[in-house]
Amino acid sequence: MGNVNQLNVQCFVKKNYEAVFSGDNNPKLLYVSRVYPDASVYPRIMHAHADFIEIILIVSGTSEYLIHNKKYEVHPGDLLIYNSGVVHDEISGPNNKVGSYCVAIGGLKMPDLRDNALIPDGKGFIFPAGEAFDELHALMKMMYINLSSGGAYAEEYCHSLMHALLIKALIVTGSKVIPTDKAEDDPEILGHRIKDFIDRHYMEPITLQDIGGALNVSTYYLAHVFKEMSGYSPVQYLLRRRIGEAQTLLATTDYSILRISEMVGYETQSYFSLQFTKHVGMSPNQYRQKYIVSRK
């Protein structure tokens with residue numbers, strides 16, 4: 001507008017825009033969390049969410065996250081999208097403290113995508129927010145402040161903010177290139193099959209021999225391929241998968257610790273507690289008390 005003094009500038013809404021969230025696509029805000037850097041010393045180990053997505057904004061710190069089947073380095077300004085069913089392992093510790101916001105949303109039915117997927121499964125997981133970072137940060141911060149304060153109409157207000165967050169996330173991820181399909185004989189295909197087998201059977205007493213027999217491949221080769229792909233041996237992945245799911249159950253259910261240990265594949269509560277404490281830095285009971293999620 002050149003040098004003209006701007007006293008009143010009106011921005012009109014286009015008449016024929018189509019609402020993204022309508023009909024069956026009726027997302028529901030489940031929770032908003034803020035993870036302070038010091039809290040990330042206690043890792044949130046390998047887990048997945050079957051019926052909702054998570055949108056995470058890295059605010060500070062740098063670390064490695066295992067997402068789906070590979071390790072990725074995350075940096076401040078990164079936006080992470082976890083569709084339902086995506087296994088993720090937020091590796092952290094005293095030397096790589098990460099501050100972040102996390103928003104969980106269910107009920108998504110995006111056109112041409114499976115339920116509870118915001119973006120195509122092949123599109124990736126980490127997207128630099130760039131110039132959108134300040135807006136994303138502000139949206140998540142307002143959602144967290146309002147929900148944690150418990151003020152009047154906090155849920156309704158945050159539900160509207162959630163729509164804005166989803167639209168902005170779609171904009172940020174829109175230019176990501178979908179990778180080409182791998183050839184069937186690519187080792188990464190076998191890596192996916194190993195991961196999928198463990199994800200389906202982690203609550204059972206499976207061994208390397210069980211995996212090799214099911215996939216018709218030698219235990220040596222499958223261990224080598226999986227380690228190259230994910231950075232973990234199959235046994236390490238299995239252990240972290242169990243501990244991560246136990247963390248979810250401890251924080252979101254009233255099941256006893258014995259019941260949870262059985263649900264994630266441990267024959268004794270004592271061994272489960274030993275492994276949990278070793279990898280999380282506190283006992284299952286301490287974790288439940290420290291990270292308990294209020295439930296209505």
Visitor: With a 4.5 Å heavy-atom cut-off, do Leu222 and Pro234 have their side chains touching?
Guide: yes
Visitor: Rounded to the nearest 0.5 Å, how far apart are CD1 of Ile260 and OH of Tyr255?
Guide: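 With rounding to 0.5 Å, CD1 (Ile260) is 9.0 Å from OH (Tyr255).
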Visitor: Please name the pair of heavy atoms, one in Ile105 and one in Leu30, separated by the smallest distance, quoted to 0.1 Å.
Guide: C-CD1, 4.2 Å
Visitor: Please answer whether the main-chain N or O of Ser233 pairs with a side-chain N or O of Gln236 as donor and acceptor at a distance below 3.5 Å.
Guide: yes
Visitor: Do we see a donor-acceptor contact under 3.5 Å between the side chains of Glu156 and His159?
Guide: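 No, no side-chain donor-acceptor pair sits under 3.5 Å.
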Visitor: May I ask you to decide if Arg193's main-chain N or O and Asp196's side chain share a donor-acceptor pair within less than 3.5 Å?
Guide: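 Checked: no pair found.
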Visitor: State yes or no: are the ring centers of His88 and Tyr65 separated by less than 6.0 Å?
Guide: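 No, the ring centres sit 6.0 Å or more apart.
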Visitor: Between Val172 and Ala129, which heavy-atom pair has the shortest distance, and what is it?
Guide: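 Answer, listing the atom of Val172 first, then Ala129: CG1-CA, 4.1 Å.
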Visitor: Which distance, rounded to the nearest 0.5 Å, do you find between the CD1 of Ile206 and the CZ of Arg200?
Guide: 10.0 Å
Visitor: Got a salt bridge between Asp89 and Lys71, using NZ or NE/NH1/NH2 to carboxylate O under 4.0 Å?
Guide: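 Looking at Asp89 and Lys71, the cut-off is not met.
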Visitor: Nearest 0.5 Å please: distance from the CZ atom of Arg288 over to the OG1 atom of Thr253.
Guide: 5.0 Å
Visitor: Keeping Gln289 on the side-chain end and Gln286 on the backbone end, is there a donor-acceptor pair under 3.5 Å?
Guide: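 A pair under 3.5 Å: no.
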Visitor: Got Ile58 and Val98 here, is their nearest side-chain heavy-atom distance under 4.5 Å?
Guide: yes
Visitor: Tell me whether Asn116 contacts the main-chain N or O of Leu108 through its side chain, where contact means a donor paired with an acceptor under 3.5 Å.
Guide: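 Present.
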Visitor: If we only count heavy atoms from C-beta on, is the Met140 to Leu136 side-chain gap below 4.5 Å?
Guide: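 SC-SC contact between Met140 and Leu136 ruled out.
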Visitor: Have Glu73 and His75 got a donor and an acceptor in their side chains that come within less than 3.5 Å?
Guide: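 Looking only at side-chain atoms, His75 and Glu73 do form a donor-acceptor pair, the distance falling under 3.5 Å.
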Visitor: Keeping Arg242 on the side-chain end and Val264 on the backbone end, is there a donor-acceptor pair under 3.5 Å?
Guide: yes
Visitor: Could you pull out the closest heavy-atom pair between Leu166 and Pro27, with the gap in Å?
Guide: CD1-CG, 3.9 Å
Visitor: Phe276 and Tyr287: aromatic ring centres closer than 6.0 Å?
Guide: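 Yes, they do, as the ring centres are separated by less than 6.0 Å.
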Visitor: Is there a path of hydrophobic side-chain contacts, each under 4.5 Å between heavy atoms, that joins Val235 and Ile211?
Guide: yes
Visitor: With side chain to side chain donor-acceptor pair (under 3.5 Å) as the test, would you mind laying out the steps for His49 and Glu54 before giving the verdict?
Guide: CA-CA 8 Å; His49 308 291; Glu54 283 187 331; 3.2 Å; yes
Visitor: Using a 4.5 Å cut-off on heavy atoms from C-beta on, say whether the side chain of Tyr101 contacts that of Ile56.
Guide: no
Visitor: Just verifying a value: how many Å separate Leu170 CG and Leu165 CG, rounded to the nearest 0.5 Å?
Guide: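 Result: 9.5 Å between the selected atoms.
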Visitor: Are Tyr237 and Tyr232 near enough that their ring centres are under 6.0 Å apart?
Guide: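 Centroid separation for Tyr237 and Tyr232: 6.0 Å or greater.
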Visitor: Check whether NZ of the Lys or CZ of the Arg Arg241 lies under 6.0 Å from the centre of the six-membered ring of Tyr202 and within 45 degrees of that ring's axis.
Guide: yes
Visitor: Salt bridge or not between Lys109 and Asp24? Use side-chain N to carboxylate O under 4.0 Å.
Guide: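 Between Asp24 and Lys109 there is no salt bridge, as every charged N stays at least 4.0 Å from the carboxylate O atoms.
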Visitor: State whether the side chain of Asn146 and the backbone N or O of Met143 hold a donor-acceptor pair below 3.5 Å, judged by distance alone.
Guide: no
Visitor: Can any side-chain N or O of His47 pair as donor or acceptor with the backbone N or O of Ile45 at less than 3.5 Å?
Guide: yes
Visitor: Distance only, no hydrogens: is a donor on one side chain within 3.5 Å (strictly under) of an acceptor on the other, for Gln275 and Tyr271?
Guide: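 A donor-acceptor contact under 3.5 Å links the two side chains.
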Visitor: For a 4.5 angstrom cut-off between non-hydrogen side-chain atoms, does Leu113 reach Pro120?
Guide: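 Yes - at least one pair of side-chain heavy atoms lies under 4.5 Å apart.
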Visitor: Apply side chain to side chain donor-acceptor pair (under 3.5 Å) to residues Ser148 and Arg34 and explain how you reach the verdict.
Guide: CA-CA 10 Å; Ser148 61; Arg34 181 178 181 182; over 6 Å; no
Visitor: Looking only at non-hydrogen atoms, find the nearest pair between Ile55 and Ala169 and report the distance.
Guide: CD1-CB, 4.4 Å
Visitor: Look up atom CD in Glu262 and atom OG in Ser256, then write down how far apart they are to the nearest 0.5 Å.
Guide: 7.0 Å
Visitor: Let's go through Glu245 and Thr248 carefully: what are the C-alpha distance in whole Å and the side-chain angles of both, what is the deciding distance for side chain to side chain donor-acceptor pair (under 3.5 Å) to 0.1 Å, and is it a yes or a no?
Guide: CA-CA 5 Å; Glu245 291 301 328; Thr248 298; 4.7 Å; no
Visitor: So do Ser33 and Cys102 actually touch side chain to side chain, heavy atoms under 4.5 Å?
Guide: yes
Visitor: Do Pro76 and Val59 come close enough that some side-chain heavy atom pair is under 4.5 Å?
Guide: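 Not touching, per the 4.5 Å side-chain cut-off.
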Visitor: Can you measure from CG (Leu79) to CD1 (Ile126) and round to the nearest 0.5 angstrom?
Guide: 10.0 Å
Visitor: Would you mind reporting whether Phe127 and Ile81 have side-chain heavy atoms less than 4.5 Å apart?
Guide: yes
Visitor: Distance-only, no hydrogens or angles: does the Ser261 side chain make a donor-acceptor pair with backbone N or O of Leu258 under 3.5 Å?
Guide: yes
Visitor: Under 30°, 30 to 60°, or over 60°: which ring-plane class applies to His68 and His192, parallel, tilted or perpendicular?
Guide: tilted
Visitor: Strictly distance-based, threshold 3.5 Å: is any side-chain N or O of Ser230 a donor or acceptor partner for the main-chain N or O of Lys227?
Guide: no
